[in-house]
Amino acid sequence: MFRTFIVGSVLGFFGTGALLYFVPVVDLHRVPSQISVQTNGGNFEVFSVSLPGDRIMSGDPVASMRVPAGLAWPESALFGGFKTELFKIRNSDDTVIGVGSRIARSEASGNAFVQWVVHLPARGTVYLSMEPSPAPGQARAGVLSAGTREFASLRGSASETFVRTGVEGGGEEGADNEGRIDLRLTLMAQQDEAE
Amino acid sequence: MKYLVSLVFGLVFGAALLFAGLYLNPFASKASVSPLAVSDDELVVLDFSMVPSESILFTNNGDSVRSPNPLKVQQLWEPAIEQTWVSVVELSSARGEPIGVGVKFSSTSEATRPLNAEALVDSIWHVYLPGRGTLFVEESENYWHFLRDIVIPARWSSSDSWRASWHGITTAGPGALRTARVVGQTGEFAGVRAEAVESISASAYSANEGPVAMSGSLLIAVPKSSDGKE
């Protein structure tokens with residue numbers, strides 16, 4: 001009987017070890033790919049944010065514009081010239097696949113910039129730098145500044161478009177908070193050439 | 001029958017022996033000295049609180065011991081992001097002066113390997129320091145020692161809490177020296193490629209509420225040659 005116990009102990013020790021080695025402890029949820037191939041090389045993918053539903057946070061210098069209720073945004077003048085937002089990010093199938101942050105400093109505050117970080121847990125993260133002042137009616141253009149994991153070896157461009165939805169006439173007061181932000185990424189593999 | 005019972009006890013004993021070995025593993029040493037400590041580059045220190053209620057915003061799937069803050073913030077319950085948590089914090093200098101804001105995204109990593117003493121988290125920082133510029137920080141963090149030294153003792157404690165003084169470096173990559181990768185984009189950080197290390201200093205933790213007295217520090221070594229203007 002003691003021999004059986006010893007055999008069981010050895011089996012338990014190495015069996016558990018094998019289980020920990022071969023069975024992943026973390027298994028992130030994945031959804032079918034929505035990537036499309038570009039005609040001239042590379043591929044593109046569209047991410048979207050439905051507003052106001054997907055807005056997690058709006059850190060705005062103006063207290064009445066802050067989301068969610070009760071957000072204690074710092075009142076210091078240091079935090080007065082820019083806006084920090086957090087969103088849930090959807091794929092073109094309208095499924096939430098990640099979260100993203102957008103930090104924007106306005107022209108009025110000087111040194112304007114608009115940046116996105118889109119974090120997709122199962123795939124990686126992209127860091128986008130957008131032009132601060134697009135022409136009226138035009139999409140805001142930008143570039144991929146950095147990427148992690150599956151985006152680490154890619155380069156490319158991005159565009160940000162705000163599409164008003166659900167409001168007749170489009171330009172009504174208060175309509176700025178309802179609509180959809182489309183982020184279109186056009187990516188291709190980096191060449192070996194020195195930058 | 002007695003052989004079967006003996007075998008089952010043996011299996012349980014063997015598994016327990018393995019877990020005890022992993023928990024007490026003397027070869028899994030905690031890093032507490034930054035590899036950037038001897039750097040000649042300018043060191044930017046960004047301190048922040050890791051207590052959710054002291055953050056500007058903290059959100060997760062709502063099932064963790066750490067409660068979202070503010071209470072009405074959206075939770076990350078969707079399947080693709082339920083193992084992700086986000087915190088927005090006010091960043092302070094080493095002298096305690098507010099110098100910016102940081103958004104930190106963290107997701108459990110599929111590279112986690114308990115046999116290697118690794119409980120990995122993929123983390124991303126989006127940092128803005130008004131007057132200086134913006135930074136993107138990519139890192140893989142190892143919370144094994146944090147779990148072993150703080151979280152598990154807190155759960156075992158009859159008071160469901162842990163109190164002591166603990167300091168450890170969580171950054172475990174992707175840099176060769178177990179440093180984080182930093183990309184600067186605007187201002188004096190424009191075009192900067194740098195390294196960073198994140199550390200935790202804790203003195204109180206509750207098994208029911210999470211961190212009670214805990215702060216983090218992001219140490220970034222910025223090459224001196226970067227002289228862009230915001």
Is the shortest distance from a Lys or Arg side-chain nitrogen in [X] or [Y] to a carboxylate oxygen in the other one below 4.0 Å?
X      : Y      : result
A/R123 : A/E45  : yes
B/E198 : B/K104 : yes
A/R164 : A/E178 : no
A/R55  : A/E85  : yes
A/E160 : A/R180 : no
A/K83  : A/D60  : yes
A/R149 : B/D122 : yes

Could you tell me whether B/Y23 atom OH has more than 12 heavy atoms of other residues or ligands within 6.0 Å of it?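 Count over threshold, so yes.
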Chain B contact via [X] - side chain, backbone, both or neither, heavy atoms under 4.5 Å:
X      : answer
A/R30  : side chain
A/A72  : backbone
A/T84  : side chain
A/Y21  : both
A/S101 : both

Relative to chain B, which of [options] shows the most heavy atom pairs under 4.5 Å?
options                    : result
A/I97, A/L28, A/T125       : A/L28
A/V31, A/L19, A/L86, A/V7  : A/L86
A/T95, A/V25, A/L78, A/L11 : A/L78

Verify the ring-centre separation between [Y] and [X]: is it less than 6.0 angstrom?
X      : Y     : value
A/W116 : A/F87 : yes
B/Y128 : A/F82 : yes
B/W125 : B/F48 : yes

Using heavy-atom distances under 4.5 Å, tell me whether [X] contacts chain A through its side chain, its backbone, both, or neither.
X      : value
B/Q185 : both
B/V183 : both
B/E110 : both
B/I124 : side chain
B/V88  : side chain
B/E82  : neither
B/S109 : backbone
B/L17  : both
B/V101 : both
B/T108 : both
B/L120 : neither

A/F44 ring centre to A/R184 NZ or CZ under 6.0 Å, with the angle to the axis within 45°?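 Yes.
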For residues B/F105 and A/V117, determine if any side-chain heavy atom of one lies less than 4.5 Å from a side-chain heavy atom of the other.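 With C-beta onward as the side chain, the pair touches.
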Below 4.5 Å, heavy-atom pairs only: which of B/Q83, B/Q75, B/R113 has the largest tally toward chain A? B/Q83
Choice from B/E78, B/H126, B/Q74 maximising heavy atom contacts with chain A below 4.5 Å: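 Looking at each option in turn, the highest pair count goes to B/H126.
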